[in-house]
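Inspection log for the structure reproduced underneath, given as structure tokens.
So you know, we letter chains A, B, ... as the sequences are listed, proteins then strands, and number each from 1.
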Amino acid sequence: MLDGRTLVRRRAGLRLWLSAGWLTLLCLAALLAPWVAPKDPLAQDLFLGRMPPFWMTGAEPGYWLGTDSLGRDVLSRLIHGARVALTVALVAGTITCIVGATLGLLAGFLRGWVDMVISRLIDIWMAFPPVLFSILLIAVLGPGLMSIIIAIVVIDWTRFARVVRAEAMAQGAMDYVASARVAGRGRISTLIREILPNVLPTIVVLLTLEMGIAVIVEAILSFVNLSISTDDPTWGGMISEGRASIHQAWWVLVAPLVTLFLTVLSFSQLGEGLKDRFDPVLR
Amino acid sequence: MTALVIRNLSVRLRKGPPLLRRVSLDLAPGEVRGLVGESGAGKSMIGKAVLGILPPSVEITGGEILLEGTDLLRLPPADRRRRIGASCALIPQDPLTALNPSHRIGPQITDRLVDILGWTRRNADARARELLAEVQIPDPDRVMRSYPHELSGGMRQRILIASAFAAEPRLIVADEPTTALDVTVQKQILKLIAGMQARHGTAILFVTHDLGVVSKVCQRLSVLYSGMVVEDARVADFFRAPRHPYSAALLAATPKYTDPTAGLNPVPDAVIEAVRAEVAAFDREVAHG
Amino acid sequence: MPILRILLLRLLTTVVTLAGVAVIVFFVIRVVPGNPIAMMLPPGATEADIARLSALYGLDKPLVTQFWIWVSGVLQGDFGTSISTRQPVLGLVLGRLPATLELSVMALVMAVVLGGAAALTGTRYRGGRTEGAIDVANGMALSVPDFLWGLILILLFGVLMPVFHISGRVTPSLDLPFSTNFYLFESLIRLRFDLWADIVAHMFMPALALAIPLAAIIGQLLKQSLKETMNLDYVTLARTKGYGETRVILREALRNAALPTLTLVGVQFTFLIGGTVIIERLFSYEGLGNMAIDAVINRDLPLIQGIVLLFAVIFTAVNLIVDLLYAVLNPRLRHA
């Protein structure tokens, strides 16, 4: 007999593997997009607009997931869209992580005026509605991949800074840090050699979550037509298109929505799984 | 009729080792029985089993708990709960954690009377005031309106004692009620419990690791080792001549109040070995049916 | 008086925060390329026309002077004039505020009900399959943001099984007798249940989309702290009094377990309000967030400033209210 806890645990392991599997598949699709995509993602065919996917009647052979209103192949656009999504996830996620974690570590460990300044900044940032803030930034920076990455970093660094600051403070109060200091280790050296390794698991978990968030932010910005130029295939753009034609052809929304859903879910399940692995108490 | 009879009560960790090994004991109305043993001997477990508050990681594998002739373990859960609520009570160990921080004292004493026994609010309040006065709490009205954090530990323990006697239970389980208190307060509380017990004629199962406490308040005692009752005796007889070598050693290991300078004698290894062998023999016997 | 000092300090940081928001939003949006005046004039307007209008809106002055004019106006309750609609910003913003407030509060109520139910059920049947199922559902709800839940709801209950409306706040053809913009509230007061039902049918999905992630957070946190509370001595004592499991959870554990959850819900509620921006867009709901996005697209600088500042005020107010609530609900703090 399995009791509830082992069942949940076992399922957690399964979820971790499924998530990793989906993300690997996406990476492969993104890397090999020009070779694996069955059609040109930009090729329009106005006679084949809004074709349903293969499981519905009236599907056009060769267009597995149907077409959008301009007759472009949905599957090919999804595969090419993975490039933008994963680039944003990896690049924006990593930079946000580095910026936020560094500020959080400094604030939590050095305390004093550094902490004061950073904490006030976090307060101010928390008083902005993030979506509105990102839309504003894109309006300032102009559309494009680079702008999206900058906007994500500028807005989301507080996610890392808040948590890492608290962790660094907690770690800094522990005996081992005091003894390292007594043993003659410098402040920065203590920070890097003693505190950082203990905060690292938290940072890694936050990073995976942030990657999922970055994908969503890109989709949201595409949705309000502020992301990359509307021709380039992005998941958010496809969702926007699907939302617009939802009464005529609801299925256009389904494929990008499911893809986005699975991707975000995978990133966060990966994070949760890693958290369980790292946390000796939970394990 | 006896207040409580426990027969062959066996308890174990789910799919784990036994915690109580066919424990049997009885309690006459108005009698106080001490349950002594080292920590982990299972003395608290007996009280918890009687009150139906065993942790979920633990299961009862056999035996009977007869409360005034009714086997609690055979009752449907809801009936058992109400039955225990109506005729048993607990005096908990730590007065600092046993009162709900977000309720006032008054309702914490009267809740059982009103919700389970169906008293009117007014009667229950009057009863609570009466009991608080009986446990020598000055200004009961003010205390009933207070929150736990506004009161001292000794005060809270008095309140918990008052609350335990509120419904005139037949049986009270006192789970090391003085362990968490200052030595000076301990004596008063012990006296208070003894006095309340005498006036109300309540049977008490008194869980303690302190034989000195047993000598003051109990008429009989059970000595436990590893979930097994190794001796069941009248207190007077026990202190004169313990029958089991382990309980004799336990008695020798207790500091004497009359002679605090006498050295402590830890329980000798040979005695421990012998009683362990006894437990092992018991387990083998059970295993072979 | 330590309490007074804490309160003063709290107010001071709030002021600093709001000032920071004001500075940042003012200068950031002035970097936005594209002249808002040029956008509002018909094509063929001369340079002189543009200059004249710029002067009218004060956009020809140096940045610092503009900032000073704006701030002194704001302190006197004048938020300037919207460039795209030529109406006072304050009136526009306050006109939309009720819609967003009603949406946020409805979402909060949904989140508390759903999350609370999940936590209580999970605690009642802890250690079993029911708890496992609730954990899995919570995990899913938490991982996926409101934007995606909104799209999923639109697809499921707006199109495939059309139960709810997917756009707007109320059916446009209806005749509204309201004197305030709190439609949901006022329709109840006026006992116009027909209108109320229509408004709820419009709000239900956007509110639910906002509520799902918060419900999951409440569910997880509350369950965890309920389970910890259930092992405490006073809960055990209550059990010996004859109370059943459900009673014990509700009467003894819930209130104490809810306190730590409450502080976190405060922060999370501000996230929820922030989420209204995109959710309102998704459901074409005529609230502040939708207006904000239009303002950005139209480069309506005074309006953007006003909306962002209002959001910041709401966020800090929510945090303040939660702190006060915490003090009221915790007897230990109340008497300190």
Side-chain angles (χ1 to χ4, degrees), chain A residues 2-9 11-12 15 119-121 123-142 154 162 209 212-213 216-217 219-220 223-226 236 239 242-243 246-247 250-251 253-254 256-258 260-261 264-269 271-272, chain C residues 13-14 16-21 23-25 28-29 31-34 125-132 135-136 139-140 142-145 147-148 151-152 154-155 158-160 166 267 270-271 273-279 281-282 289 292-293 296-297 299 304 307-308 311-313 315-316 319:
Chain A
L2 287 168
D3 69 6
R5 289 187 73 85
T6 33
L7 209 68
V8 170
R9 182 117 322 138
R11 210 175 284 157
R15 273 185 295 168
S119 296
R120 274 295 79 70
L121 278 180
D123 278 354
I124 293 172
W125 251 249
M126 301 281 288
F128 274 104
V131 173
L132 185 53
F133 199 6
S134 60
I135 291 169
L136 257 181
L137 282 174
I138 296 297
V140 173
L141 299 166
V154 168
R162 266 166 49 220
L209 295 178
I213 292 169
I216 285 293
V217 172
I220 286 176
F223 180 76
V224 287
N225 269 328
L226 283 167
I239 281 181
R243 170 72 177 89
I246 195 157
H247 291 294
W250 56 267
W251 55 84
L253 182 60
V254 173
L257 184 55
V258 169
L260 202 53
F261 185 87
V264 173
L265 198 62
S266 296
F267 273 121
S268 92
Q269 294 302 324
E272 290 294 316
Chain C
T13 53
T14 305
V16 171
T17 305
L18 291 179
V21 169
V23 171
I24 290 173
V25 69
V28 163
I29 59 176
V31 190
V32 175
Y125 302 101
R126 60 189 174 282
R129 272 153 202 267
T130 311
E131 194 193 358
D135 284 346
V136 170
M140 288 261 278
L142 195 58
S143 312
V144 178
F147 177 63
L148 284 189
L151 285 163
I152 291 167
I154 285 180
L155 198 56
V159 178
L160 296 182
I166 63 171
V267 181
T270 63
F271 291 162
I273 298 174
T276 57
V277 175
I278 193 65
I279 290 298
R281 192 68 173 181
L282 191 56
I293 293 179
V296 173
I297 291 170
R299 308 282 187 263
I304 299 174
I307 295 174
V308 171
F311 269 114
V313 169
F315 287 7
T316 42
N319 283 323

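Across A:L257, A:L260, A:L209, the residue that shares the most heavy-atom pairs under 4.5 angstrom with chain C is A:L257. Most heavy-atom pairs under 4.5 Å with chain A: of the set C:T14, C:L155, C:N319, C:V313, this distinction falls to C:L155. Chosen from C:L18, C:I166, C:T130, the residue pairing most often with chain A at heavy-atom distances under 4.5 Å is C:I166. The candidate from C:T17, C:T276, C:I273, C:V25 with the greatest count of non-hydrogen atom pairs under 4.5 Å with chain A is C:T17. Ranked by non-hydrogen atom pairs under 4.5 Å with chain A, the options C:I304, C:L151, C:T270 are led by C:L151. Comparing C:T316, C:I152, C:L142 by heavy-atom pairs within less than 4.5 Å of chain A, the highest count is held by C:I152. Each of C:L148, C:I154, C:V16, C:V159 has some count of heavy-atom pairs under 4.5 Å with chain A, and the biggest count is that of C:L148.
Contacts between C:F311 and chain A at a heavy-atom distance below 4.5 Å involve backbone atoms as well as side-chain atoms. Heavy atoms of C:V267 lying under 4.5 Å from chain A belong exclusively to its side chain. C:V21 touches chain A through backbone and side chain together, each having a heavy atom under 4.5 Å away. Of the two parts of A:I213, neither the backbone nor the side chain holds a non-hydrogen atom closer than 4.5 Å to a non-hydrogen atom of chain C. Of the atoms belonging to A:I220, heavy atoms from both backbone and side chain fall under 4.5 Å from chain C.
Within a 6.0 Å sphere centred on CZ of A:F261, other residues, nucleotides and ligands contribute more than 12 heavy atoms.
Nearest heavy-atom pair, A:L132 versus C:A292, reported as atom, atom and distance to 0.1 Å: CD1-CB, 3.4 Å. Here the closest non-hydrogen pair linking A:G212 and A:V264 is O-CG2, 4.0 Å.
Rounding to the nearest 0.5 Å gives a distance of 8.5 Å between CD1 of A:I239 and CZ of A:F223. Here CD1 of C:I24 is found 12.5 Å from CD1 of C:I29. Values are rounded to the nearest 0.5 Å. Atom CG of A:L265 is separated from atom CD of A:E272 by 10.5 Å, given to the nearest 0.5 angstrom. Atom CZ of residue C:F315 and atom CG of residue A:D123 lie 13.5 Å apart, to the nearest 0.5 angstrom.
Applying the ring-ring contact (aromatic ring centres under 6.0 Å, His included) rule to A:F128 yields the partners A:F133; only residues at least two apart in sequence or on another chain are considered.
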